[in-house]
Amino acid sequence: MLIEDMMNRNIVTVRPTDTIRLAMLITAQHRIRHLPVIDEYGKLVGILSDRDLRDACPSKLETDVDDSVFYRKVSEIMHKDVVTAHPLDFVEEAAYSLYENKIGCLPVVDGGLLKGIITETDILYTLVEIMGVQQPSSHLEVEVDDRPGALADVAAVIKQHQCNISSVLIFPGRTFGKKNLVIRVQTIDPRKIVASLEESGFTIIWPKNTGA
Amino acid sequence: MIVTYFVYSPELLQYSFHREHPFNQKRLELTLDLIKNLNLISPSQIIAPRYATDEELLLFHEPQYVKTVQNASHNNNGSLASFGLGTEDTPAFQNMHEAASLIVGGTLRAAEIVMNNQDAHAVNLSGGLHHAFSGRASGFCVYNDCAVAIHYLRKEYDARVLYIDTDAHHGDGVQWAFYDDPNVLTLSIHETGKYLFPGTGDYTERGDGQGFGFSMNVPLQAYTEDDSFLEVYHTVTTKVARGFKPDVIITQNGCDSHHFDPLTHLSCSMQIYREIPRLAHQLAHELCEGRLIATGGGGYDIWRVVPRAWTWLWTELSDRKLENIVIPQDWIARWQPESPLPLPKSLLDPLEELPLMPRREEITNKNRLTMEKTLLYYPKLV
């Protein structure tokens, strides 16, 4: 999955010459935590997080508040060396970049120009989609040897039952040399598939025997 | 004086995919025979279903899908697959359209009886086919009788409908049918879709737009057992029904949560099938002048579970008093030769036969947390 397929293209931005006050109003109004800063050509020149904005504000415990900071320029507090993503990056690269740099968003930049933005929330949503259920289906979990063709062998058994597969996830097994396949099969009654898989020597983790 | 009607005719048994298929309507015959053996029904209470008309089916289903079902039995090609037909779950069979329309007509008949008579309940145990989508068969269900009937109740009577689904599987077809409709509240209590078909039915599915808060789900853990199931059912159903104030209640009484059931893992006993209809019945009288339509649903141990479960349902709705008595010898003698397993001896399960689940406390706590999340949004009493 590419970043250009999932990035947010409606980007809310500020200019370096805008005031801190305006930047704060915009984050509050759009309920966002990150503001890319662009110049008049659409080139990314910096980024502001809601924490940067708060750091610039006077403490609310202070009684004698000096309002003048609100009228200082965004360029004075923005971060200029921004970690970015490219539209052709994969989602896992973006996820790794967020994780590695301990940051919450990546402006998506192509040729210096800002094209979109991707946040940790978007990445989490992708995970929700991948792990989730798109078609009515049952959960089938099979432990297989970590060898070429294991997935194909399991899939062949499911094919014999003319059953569609709606998703497949492969996890490291609980013991060395094993993998767990989590397959969502489009049937309400996976018993025949389970029986065939057991007959072929596979270990079924779920469904467990019922109806005893 | 309340009269309760039982929608039945032997033709309902023609909804049959093939002899080895787990969905087997022979359970209707077994159930009615047990009810008769216990002297719980008079002939005047049995009423025949009718066929749903095409217009009625089209209240919910797509024209292209109905056409495909009509032609399915003699047009067995690959195009069926995109409509969910011709699969192992829902293979096409002779006269599938007629058999499926009779079930829908049965639930419509039940709805008419309840809406047109003062003080009547009606039971259509052949219905409750809650997985069917508007354009696709799914999970043994061809036409969705509950969804059609609810559309019918909306159109003909402008009724606010509360749909309560206690099948072990999520009532997905009915939920999606009314996902944005604030006049239909669908409540489904089922085994979590993390493992079980159809996979949906998380508490986060709450409805869309105007219908937000009018779709409710409690996904229960595998091995939930009676006490936790009933605690969740009583708490959620009572609150939601009183908050929503329906004009009519329609229940889906799938009985596949029993520990004998071969497809599911909730591990309950016959006790829940005695309790579930009791609360629905009471709420129907408290909130909507007794207008209560009960349908069947899942139930794949047709010998040991379904006849007893639905006998309890019928007993409750027809206001008969019944204790945990011995099952009549006549019934056992008649059916034991056909049953692959020994038939049960009493109407409830002997306590010593119930399986012991090691993580009961943990599972009960988890179910309570899920229920609290479900109850974050629902139509509250003002």
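Sequence lines set the chain letters: A, B, ... in the order given, protein chains first and strands last, and positions in each chain run from 1.
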Can you name the nearest heavy-atom pair linking A:R191 to B:P22, along with the distance? NH2-CB, 3.5 Å
Just checking A:K159: does its NZ atom have more than 12 heavy atoms from other residues, nucleotides or ligands closer to it than 6.0 angstrom? no
With the side chain counted from C-beta on, respond yes when B:R136 and A:Q135 share a heavy-atom pair under 4.5 Å apart, and no when they do not. yes
Side-chain contact, heavy-atom cut-off 4.5 Å: B:Y195 with A:P207? no
With a 4.5 angstrom heavy-atom cut-off, is it the side chain or the backbone of B:H131 that approaches chain A, or both, or neither? side chain
Positive for side chain to side chain contact (heavy atoms under 4.5 Å, CB included) with A:D189, one of B:Y300, B:F23, B:F140: B:F140
With only heavy atoms counted, which part of A:E141 is less than 4.5 Å from chain B, the side chain, the backbone, both or neither? neither
A quick test of your reading: do over 12 heavy atoms of other residues, nucleotides or ligands sit less than 6.0 Å from OH of B:Y377? no
Counting heavy atoms not belonging to A:Q162, are there more than 12 under 6.0 Å from its CD? no
From the options B:T90, B:D89, B:T87, select the one residue that forms a side-chain hydrogen bond (donor to acceptor under 3.5 Å, both in side chains) with A:T187. B:D89
Shortest non-hydrogen contact from A:P136 to B:D172? CG-OD2, 3.9 Å
Heavy-atom pair with the smallest gap, counting every atom of A:H139 and B:K194: ND1-O, 3.0 Å
Between A:W206 and B:E191, what is the shortest heavy-atom contact and its length? CZ2-OE2, 4.4 Å
Check the surroundings of atom CZ in A:R147: do more than 12 heavy atoms from other residues, nucleotides or ligands lie under 6.0 Å from it? yes
Would you say B:L376 has more than 12 foreign heavy atoms packed within less than 6.0 Å of its CG? yes
Proximal component of B:H170, with respect to chain A [non-hydrogen, under 4.5 Å]: neither
What do you reckon, is CG of A:N101 surrounded by more than 12 foreign heavy atoms closer than 6.0 Å? yes
Take a 6.0 Å sphere around OH of A:Y96 and say whether it holds more than 12 heavy atoms from other residues, nucleotides or ligands. no
Taking atom CG as the centre, does A:D146 end up with more than 12 heavy-atom neighbours from other residues, nucleotides or ligands that are less than 6.0 angstrom away? yes
Using 0.5 Å steps for rounding, measure from the CD1 atom of A:I188 to the NE2 atom of B:H169. 4.0 Å
